[in-house]
Amino acid sequence: MSKQNVAVIFGGASNEYEVSLKSSYAVVEALGDDYNVIKIGITKNGEWYEYRGENKKILNNTWSKDLSYLNKLNICLESKCFYSNEKINIDVAFIALHGRNGEDGRVQGLLDLLDIPYTGCDVLSSALCMDKFKSHLLVEKYGVKTANKLYFKETDNIDYQSIRSLNLPLYIKPINSGSSIGITRIESYDLLEQAINDAFLVDSQLVVEEEVKGYEVGCAIVGNEDIFIGNVDKVELQTKFFSFEEKYQQEHSKIRSLNEDAILVEQIKKEALTIYQALGCSGFARIDMFVSSNNEIYFNEVNTIPGFTNESRYPKMMKEAGISFKNLVTLIIRAALSKKDLKLT
């Protein structure tokens, strides 16, 4: 039986470019010799290349300087393929991009036009999950709790009086950004204007959201109709805010399995599944929620392409549930191919 051609798409014109390099390196290594791996790198400037060099040069971000192993890619919609010096046939694409231009439905739409199956959520679900306001509006219709919030566009006259009716502390969040980039936590309204300005540097829309008094949890899910839910983890913070630096360095935080309250864990899994299905997720995702001081569960966000190294939260939750990293990558690829089969029936 011939091996399938799996394109791992990495990098990207995103402020999470470096995170993508770590995830894609781990995926490429896990695929090993079981597949024909095609490495497709996107520079920060948005240039697409097929990369045939060493995997470690992806990890240390020297791949794009390895000129003898780079082929500039073009896209041919008529033949539904990528091509450089020769046509590159792809059976399935593993999207290892994070944040804008990777997790927001844009690359997914391109792959749909090329008729290339891909891992993770489809265009609509990816775009919805990326939007920190619209995703909340939708899950609320399914009975899921969310924190009190206000929404503003960059062109709006900011209603500071309405914001002051919200309870401190507040989080000012760009609508379409991941890994806590551009988010500010404030305990004084005096810091509000600067926090809003900082958020608008990242996106043209934002939410001002009340803090849920409690702690953050995550739940890992893989599958389409046949869904498997992994373990639930808990973020234990010594700082007040799970910032970008803290998420990837964890100098003042600890993430561990939440297993001391079986009833609560089952409630979190049930809520995560509701959110996954309400937002039309498929393939895989990590659902992030808050548990309040009285054990009420609040939706935070969906990571449709969560961090994907051996030490990232999503693979660790699956490993704790009995699925190794290598097997998880295979499951995600199978889920991507089964979505194509579903479209044909």
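Here the structure is a predicted model, which means the values were calculated and not measured.
In this structure, a donor-acceptor pair under 3.5 Å is absent between the side chains of Glu236 and Tyr215. A side-chain donor-acceptor contact under 3.5 Å links Asn60 and Thr62. Using modelled atom types, one finds no donor on one side chain facing an acceptor on the other under 3.5 Å when comparing Glu209 with Asn148. Side-chain atoms of Ser126 and Asp104 form no donor-acceptor pair, as typed in the model, at a separation below 3.5 Å. For the residue pair Ser23 / Ser20, no side-chain donor-acceptor distance below 3.5 Å is found, with atom types taken as modelled. Using modelled atom types, one finds a donor on one side chain and an acceptor on the other under 3.5 Å when comparing Gln194 with Asp198. With hydrogens and angles left out, the side-chain atoms of Ser125 and Asp122 include no donor and acceptor closer than 3.5 Å. Side-chain contact check for Tyr35 and Asp91: no donor-acceptor pair (N or O, by modelled atom type) lies under 3.5 Å. Defined by atom type and a distance below 3.5 Å, a donor-acceptor pair is present between the side-chain atoms of Asn5 and Asn36. Inspection of the Asn303 and Tyr314 side chains reveals no N or O donor paired with an N or O acceptor under 3.5 Å.
Residues Ile95 and Thr119 come closest through the heavy atom pair N-OG1, 3.0 Å. Here the closest non-hydrogen pair linking Phe152 and Asp159 is CE2-N, 3.6 Å. Minimum heavy-atom separation, Val8 to Ala96: CG1-CB, 4.3 Å.
Within 6.0 Å of CG on Asp33 lie no more than 12 heavy atoms contributed by other residues, nucleotides or ligands. Within 6.0 Å of the OH atom in Tyr160, the count of heavy atoms belonging to other residues, nucleotides or ligands exceeds 12. Under a cut-off of 6.0 angstrom, the local environment of CD in Glu260 is crowded, with over 12 non-hydrogen atoms contributed by other residues, nucleotides or ligands. Other residues, nucleotides and ligands place no more than 12 heavy atoms under 6.0 Å from the NZ atom of Lys270.
The closest donor-acceptor contact from the side chain of Glu154 to the backbone of Leu206 lies at 3.5 Å or more, if one exists at all. Without hydrogens or angle criteria, Asp233 side chain to Ser257 main chain gives no donor-acceptor distance under 3.5 Å. Ser14 contributes a side-chain N or O that, together with a main-chain N or O of His98, makes up a donor-acceptor pair within less than 3.5 Å. Side-chain atoms of Asn224 come within 3.5 Å of backbone atoms of Ala335 as a donor-acceptor pair (strictly under, hydrogens ignored). Looking only at distances, no side-chain donor or acceptor of Thr146 sits under 3.5 Å from a matching main-chain atom of Phe299. The closest donor-acceptor contact from the side chain of Asp66 to the backbone of Tyr69 lies at 3.5 Å or more, if one exists at all.
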*asked:* As a quick check of understanding, evaluate side-chain contact (heavy atoms from CB on, under 4.5 Å) for Asn71 and Tyr51, giving each step before the final call.
replied: CA-CA 7 Å; Asn71 291 315; Tyr51 176 59; over 6 Å; no

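Taken from OG in Ser24 to CH2 in Trp63, the straight-line distance is 9.5 Å, to the nearest 0.5 Å. With values rounded to the nearest 0.5 angstrom, Ile158 atom CD1 is found 9.5 Å from Lys153 atom NZ. The distance from atom CZ of Phe94 to atom OH of Tyr118, rounded to the nearest 0.5 Å, is 14.5 Å. To the nearest 0.5 Å, the span separating CD on Glu103 from CG on Asn176 amounts to 11.0 Å. If you take CG on Leu97 and CZ on Arg106, they are separated by 12.5 Å, rounding to the nearest 0.5 Å. With rounding to the nearest 0.5 Å, the separation of OG in Ser64 from CD1 in Ile42 is 12.5 Å.
Lys149 and Glu210 are not joined by a salt bridge, as no carboxylate oxygen comes within less than 4.0 angstrom of a charged side-chain nitrogen. With respect to Asp203 and Arg100, a salt bridge is recorded, a charged nitrogen being found less than 4.0 Å from a carboxylate O. At a threshold of 4.0 Å, the pair Glu216-Arg313 counts as salt-bridged, since one of the basic side-chain nitrogens sits closer than that to a carboxylate oxygen.
Annotation: salt bridge (Lys or Arg N to Asp or Glu O under 4.0 Å) contacts involving residues 40-50, sequence neighbours excluded, comprise Glu18-Lys44, Glu50-Arg52. The salt bridge (Lys or Arg N to Asp or Glu O under 4.0 Å) analysis of residues 320-333, with sequence neighbours excluded, yields the pairs Asp34-Lys326.
In this structure, Lys39 fails the cation-pi test against Phe10, since its NZ or CZ atom is not both closer than 6.0 Å to the six-membered ring centre and inside 45 degrees of the ring normal.
Between Val232 and Lys269 the shortest side-chain heavy-atom distance falls below 4.5 Å. No side-chain heavy atom of Asn310 sits less than 4.5 Å from a side-chain heavy atom of Pro315. Gln277 is not listed as a side-chain neighbour of Tyr142, based on a closest heavy-atom distance of 4.5 Å or more.
Here Tyr276 pairs with nothing under the ring-ring contact (aromatic ring centres under 6.0 Å, His included) rule; sequence neighbours left out.
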